[in-house]
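Here the structure is laid out as structure tokens; the discussion comes afterwards.
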Amino acid sequence: MLHADLDAFYASVEQLLDPSLRGRPIAVGGGVVLAASYEARAFGVRGGMPGRQARALCPALQFVGGNFREYQRLGDQVIEVLRDFTPLVERISIDEAFLDVAGSTHLFGPPPAIAQAIRQRVRDEIGLPISVGVAGTKHLAKIASQVAKPDGLVVVPVGGEQQFLHPLPVELIWGVGPAAAARLASAGVRTIGDLAATPNPYLRHLLGTAVGDKLSALASNIDPRTIERDHTASSVGAQAALGLRDATPELVHTTLGYLADRVAGRLRAGGCAGRTITVRVRFAQLRSVTRSVTLPAAICATIALTDIATELALTALRDHPDEPRISLLAVSVSQLVAQHVLQLELPLGLPDDELRPGTKAGAARSDADRSVDAIRTRFGRGAIGYAAIVFSDVRRVPEQFRELAERKSGRHGSD
DNA sequence: TCTGGGGTCCTAGGACCC
DNA sequence: TCTGGGGTCCTAGGACCC
């Protein structure tokens, strides 16, 4: 099993496109650092960090704008290189993938040779640094690629797993974040070796059964996961940060209208609809709550989704009268089902009282939705919709970034 | 000094059914 | 009558990942 992971991807693309940026500390983003070059990381700059903090750490830091279309294009090119070595490629984000090369060795040599060939081709043909981990399992390959960074190759030999893993910090394990790491540290568990020496019942007690079992399995090098080529999304959502604003019904309705429009449009474009609608409301100090409802029938109509989402949000606001201001609204649709256009045309057959007001047409693709979808197909998403009006006074992330983020975790097998 | 957007999975309690 | 067990679905919250 191989895990291939492009290094500081967005930043590396910027340095590829503009040679004057090479060797220099740069960050992609502005208000927040989306990616930092390794030169910037040397100063402590990290992804997700506020831009102001990054500048304080590294005064020479240069912010560059995001060429999001280029990120997508180059990320796709790299995946195509990987597919030259095996059809068993599982893309897990724009810049990383697992490969099962067990069936490719007669053509390309043993896995370490394949890994090196991949690195060479990506460097020569695309111009980007990529790190690769080679191991017997997905989990271990992923850890190996992290250890290999930047621009390296790490092979974990069969039988050498324990020796490789035991000195490493538990934070390198996929799924161990700040909360789990803190709990483990409080129990004196800092390395994977410590972890291996910790009895499973105690891990379960500390972190819950699922995480505890997962960590025990990893420590024993058990990972039954295989490559999944066609990954279908189980939810579709959108969110908008609002600064901190009075939670008026108008703001809630227009914002959720905009978000529902995005989500419903993507559902229709993907030929699906969903039964569970979830709304998240974030108040001051990042406190957030969710409200959800599961409908008897799946919906994908913009107006129905807007109405239900608004109602859920207003419920949440009523439950928190001490929170007059909100900083974010989010909508997500889950319990997805395939819903082809023909079915979407058939809203009939459900008793009126089974659905809430405004939802009756929910399963239908309304005339309005059909028209909007058609216009967007021809002229692009910006051609019609709420966005320009509603958010003229709100600082918004570039539309391209949203579209990129959508594809990041969407269907992978379609190209 | 709180900064973006899009996701997945787990847990716990309650409702409901057999 | 309040004593048993098991399973599924739903809701809300939280941790984590890219």
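Here is how names work: the chains are called A, B, and so on, in the same order as the sequence lines, proteins then strands, and each is numbered from 1.
- Across B/dG4 and C/dC17, the matching C1' atoms stand 14 Å from one another, rounded to whole Å.
- Counting any heavy atom pair closer than 4.0 Å across all strands shown, A/S234 reaches sugar-phosphate atoms only and no base atom.
- What separates CZ of A/F68 from C1' of C/dC18 is a distance of 14 Å, to the nearest Å.
- Proximity of A/T276 to the phosphate of C/dC10: no side-chain N or O atom is located under 4.0 Å from OP1 or OP2.
- To the nearest angstrom, C1' of C/dC18 lies 12 Å from NZ of A/K149.
- As a whole-Å value, the separation of A/R46 CZ from C/dC18 P is 15 Å.
- Of the candidates C/dC18, B/dT11, B/dT3, the closest approach to any side-chain atom of A/S93 belongs to C/dC18.
- Along DNA chain B, the nucleotide closest to A/S327 and the one closest to A/V211 are compared, and the more 5′ of them pairs with A/S327.
- Rounded to whole Å, the distance from CE on A/M49 to C1' on B/dT3 is 12 Å.
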Report task. Summarise how protein sits on nucleotides 12-17 of chain C as a single string, 5' to 3': B when a protein heavy atom is under 4.0 Å from the base, S for sugar-phosphate-only contact, - for no contact. Result -> SS-SSS
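- Base pairing in DNA chain B gives the following stems of 3 or more Watson-Crick or G-U pairs, range against range and under 3.5 Å: B:5-18 with C:5-18.
- Comparing A/V33 and A/T209 along DNA chain B, the residue whose closest nucleotide (by nearest heavy atom) sits nearer the 5' end is A/V33.
- Among the heavy atoms of the strands, none lies under 4.0 Å from A/R282.
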